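No experiment lies behind these values; they were computed from the predicted model shown. Below, chains carry the letters A, B, ... as their sequence lines are ordered, and counting in each starts from 1.
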Amino acid sequence: MRSRQKLGTNKPVFYGARDNAVPSENSHLYAKKSFRMSVITRFAPSPTGHLHIGGARTAIFSWLLARHFKGQFRFRIEDTDLLRSKQEYTDSILASMKWLGLTWDGELTYQTKRMGLYNKYVDKLLETGHAYWCGCTEEEVNAMRERAKVRGLKPRYDGHCRNLNLGPGEGRCVRLKCPLEGKVVFDDMVKGRISVDVRELDDMVIRRSDGTPTYNMAVVVDDHDMGITHVIRGDDHVSNTPRQILIYQALGFPVPTFGHVPMILGPDGAKLSKRHGARAVIEYQKDGLLPQALVNYLVRLGWSHGDQEIFSLDELIELFDGTHMNPSAARFDVRKLEWLNAHYMRNLPVEELARLTRPFAEEAGYRDLPEPKLQALCAMFRDRAKTLIQLAANFAPMLKKAADLEYDEKAVAKNLTPQTKEYLSALISVFGDVSDFRSEPINDALKAYVDGHGLKFKDVAPALRTALVGFMGGSHLPDIMEFLGKEESLDRLKRAITLTIA
RNA sequence: GUCCCCAUCGUCUAGUCGGCCCAGGACACCGGCCUUUCACGCCGUCAACGGCGGUUCAAAUCCGCCUGGGGACGCCA
């Protein structure tokens, strides 16, 4: 439920919407109008790990918003944390984005390659009096915070150097000179109106004493420089937003529209962590999930369009306009993801399914599978698997030789009785006479035998199944036989007849 | 501690500015049908508006408080 409040009577001193426009009472409409002008979104991960599903979802939302409004979707790597950033993670994130089908516009931007840009703007803030040099040491600042805490206040910098007019110097950083009173208000695309008193904020550092810009500074400069109009990011950034808006104001930049999507929780409602298993997109890829299923699932987790559950990419682009996003955190439910995945597996053209399954078949040890065989296997088992891995796992009994087939003891004991073995012996010659060994003729022959002997399928099917695949599973019997071929099928029947129960 | 955000079935959610909601859909679960296994498919059952006040003829929908979650308070990003 969106908590969109009406305009209050107290006029906010700082307003965070674009172009300083006053929003209409209906912020949906207001937002829509501004979307129409131009939409440039971005995804800006830091390469300190693989792309995780939370990040993937914000990327998907950003991408969809841009595509829906025929705008642009930009990509920026926030690699300023030199210690934790790794090229392999950048590569991995890019690979996951491509796998998900999220194409971006323009060049990839690396933050580390544009350090000069940030300082230019810090200097500008210094010149215009929106920022000042601060010579306080870490210890002094910590002491201030402690004092504030003791008084029950929010720990913050007390503005010691604010009016000292210090110049540059060893160990000095630059702080933003924040307004002393008023509220920062902005209309969030998913949370509605958010208001924060500037007294909750302090004069944040925008340039460290080593000359590098801080995160909030860099983000604002980058987003403005890249022309970003809509910032969709994780929930954990809401408290950064007022600070960033202050920087936008000080710089005289138009403030973009923000949309803070809530985080994704584990099945137990706790923050997603290692012990929840797969968190990275790449892991789902390895588990045999289809990108379309993951995208569909992730989008649906936090966004809705009435009762619709299944969306094609085109539908999503058509329907996703930045509204109807859920402000509350959601739990990750693998079962529903798998249901969606199974759905997409069933509806893919076989050729496509086979192409996607091949790597998993190879992983399972089946290399050089002829395309027709692979497709036949996919067609036979697609309804019985929720993931590509599971699908490939079904191939085993189909690709062995009769002599190597493993039999389930219970199935043998229950179904291969002296009586049914007689049926099987008879069937060996029945099937042996089928010249066109395809599913249909095989089925006809089986039916003729069953009918001709006053039997029912139920009388012979379990035995036949056990004989052919070794256990009570698998696909349609005639299909299995067609796949195995006459010789192999008969070999299996012959071997089954010789089986005795221990 | 302070501030910000959140709160409908077990889970994801619908619920367009209060009435058509003794709350709808989907996943899961359970039961049934179909059936040459298992699935798929189809049908059905179970199941929720966190609590308390207020506004109103009428509240899941508006307001307040409480409770419970989460996030943020760095010269990290």
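A:L477 comes within 4.0 angstrom of a base, heavy atoms only. Using a 4.0 Å heavy-atom distance criterion, A:G302 is classed as a sugar-phosphate-only contact. Heavy atoms of A:G474 sit under 4.0 angstrom from at least one base atom. Residue A:K447 is out of contact with every strand shown, counting any heavy-atom pair closer than 4.0 Å. Nucleic acid contact class of A:R145 (heavy atoms, under 4.0 Å, all strands): sugar-phosphate only. Contacts of A:T466 with the nucleic acid, taken as non-hydrogen atoms under 4.0 Å apart, are absent. Residue contacts shown for A:N240 include a base, since a base heavy atom lies under 4.0 Å away. A:T48 comes within 4.0 angstrom of nothing in the nucleic acid, heavy atoms only. In this structure, A:E200 reaches the sugar-phosphate backbone alone: every heavy-atom distance under 4.0 Å involves primed, P, OP1 or OP2 atoms, never a base. Within 4.0 Å of A:H260, counting heavy atoms only, lies no atom of the nucleic acid at all. In this structure, A:S209 reaches the bases: a heavy-atom distance under 4.0 Å links it to at least one base atom across the strands shown. In this structure, A:R331 reaches the sugar-phosphate backbone alone: every heavy-atom distance under 4.0 Å involves primed, P, OP1 or OP2 atoms, never a base. Within 4.0 Å of A:P462, counting heavy atoms only, lies no atom of the nucleic acid at all. As judged by a 4.0 angstrom heavy-atom cut-off over every strand, A:G135 is placed among residues making no nucleic acid contact.
The base-pairing partner of B:rC65, taking Watson-Crick or G-U wobble contacts with both distances under 3.5 Å, is B:rG51. In this structure B:rA60 sits in no base pair that meets the Watson-Crick or G-U test at under 3.5 Å. Of all nucleotides present, only B:rU11 satisfies the Watson-Crick or G-U wobble test against B:rA26, with each distance under 3.5 Å. When both distances must be under 3.5 Å, the Watson-Crick or G-U wobble mate of B:rC21 does not exist. Under the Watson-Crick or G-U wobble criterion, with both distances below 3.5 Å, B:rC46 is left unpaired in every strand shown. Of the nucleotides present, none pairs with B:rC40 by Watson-Crick or G-U wobble criteria with both distances under 3.5 Å. The pairing partner recorded for B:rC73 is B:rG1, the criterion being a Watson-Crick or G-U wobble arrangement whose two distances lie under 3.5 angstrom.
A side-chain donor-acceptor contact under 3.5 Å links A:S439 and A:D479. If you check the side chains of A:D222 and A:Y118, you find a donor sitting under 3.5 Å from an acceptor.
Under the 4.0 Å criterion applied to side-chain N and carboxylate O atoms, A:K154 and A:E200 are assigned as salt-bridge partners. Between A:R199 and A:D197 there is a salt bridge, since at least one side-chain N of the basic residue sits less than 4.0 Å from a carboxylate O of the acidic one. With salt bridges taken as basic N to acidic carboxylate O contacts below 4.0 Å, one links A:R84 and A:D81. Between A:R76 and A:E78 a salt bridge is recorded (basic side-chain N to carboxylate O distance below 4.0 Å).
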Polar pairs (N or O, both sides) under 3.5 Å between protein and nucleotides 41-45 of chain B?
residue: B:rG41; atom: OP1; partner: A:R346; partner atom: NH2; Å: 3.2

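Looking at heavy atoms from C-beta onward, A:E482 lies out of side-chain contact with A:P478 at the 4.5 angstrom threshold. The closest side-chain heavy-atom distance from A:D235 to A:V238 is below 4.5 Å.
Comparing the P positions of B:rA23 and B:rA48 gives an interatomic distance of 9 Å, to the nearest angstrom. With P as the reference atom, B:rU13 and B:rA7 are 11 Å apart, rounded to whole Å. Comparing the same atom, C1', in B:rG64 and in B:rU55 gives a spacing of 11 Å after rounding to whole Å. Rounded to whole Å, the P atom of B:rC27 lies 8 Å from the corresponding atom of B:rG41. Taking atom P in both B:rC52 and B:rU61, one finds a spacing of 13 Å when rounded to whole Å. Rounded to whole Å, the separation between the C1' atoms of B:rC38 and B:rC22 comes to 41 Å. For the P atoms, the distance linking B:rU16 with B:rC62 amounts to 10 Å, nearest Å. The same atom, C1', is picked in B:rA14 and in B:rC21; the two are 11 Å apart, to the nearest Å.
For A:R156 and B:rC73, a side-chain-to-base donor-acceptor distance below 3.5 Å is absent, hydrogens and geometry of angles not being considered. Counting atom types as modelled, A:R151 pairs no side-chain N or O with a base atom of B:rU2 as donor and acceptor under 3.5 Å. A:D307 contributes a side-chain N or O that forms a donor-acceptor pair with the base of B:rG24 under 3.5 Å. For B:rG25, its base sits under 3.5 Å from the side chain of A:E309 at one donor and acceptor pair at least.
In this structure, A:H476 has no ring-ring contact (aromatic ring centres under 6.0 Å, His included) partners at least two apart in sequence or on a different chain.
The cationic group of A:K86 does not satisfy the cation-pi geometry with A:Y89, failing either the under 6.0 Å distance to the six-membered ring centre or the 45° limit from the ring axis.
Side chain of A:V196, nearest nucleotide from B:rG15, B:rC3, B:rC5: B:rC3. Set against B:rA7, B:rG70, B:rU2, the side chain of A:K154 has B:rU2 as its closest nucleotide.
Where A:P478 and A:R335 each meet RNA chain B at their nearest nucleotide, the meeting point lying more 5' is that of A:R335. Nearest-nucleotide mapping onto RNA chain B: of A:N443 and A:D383, the residue sitting toward the 5' end is A:N443.
The phosphate of B:rA14 has OP1 or OP2 within less than 4.0 Å of a side-chain N or O from A:N326. The phosphate of B:rU13 has neither OP1 nor OP2 within less than 4.0 Å of any side-chain N or O from A:K336. OP1 and OP2 of B:rC4 both lie 4.0 Å or more from every side-chain N or O belonging to A:R193.
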Inset, instruction - Take A:R233 and A:R42, measure what side chain to side chain contact (heavy atoms under 4.5 Å, CB included) needs, and give me the verdict at the end. - result: CA-CA 9 Å; A:R233 62 195 355 176; A:R42 47 74 157 181; 4.2 Å; yes
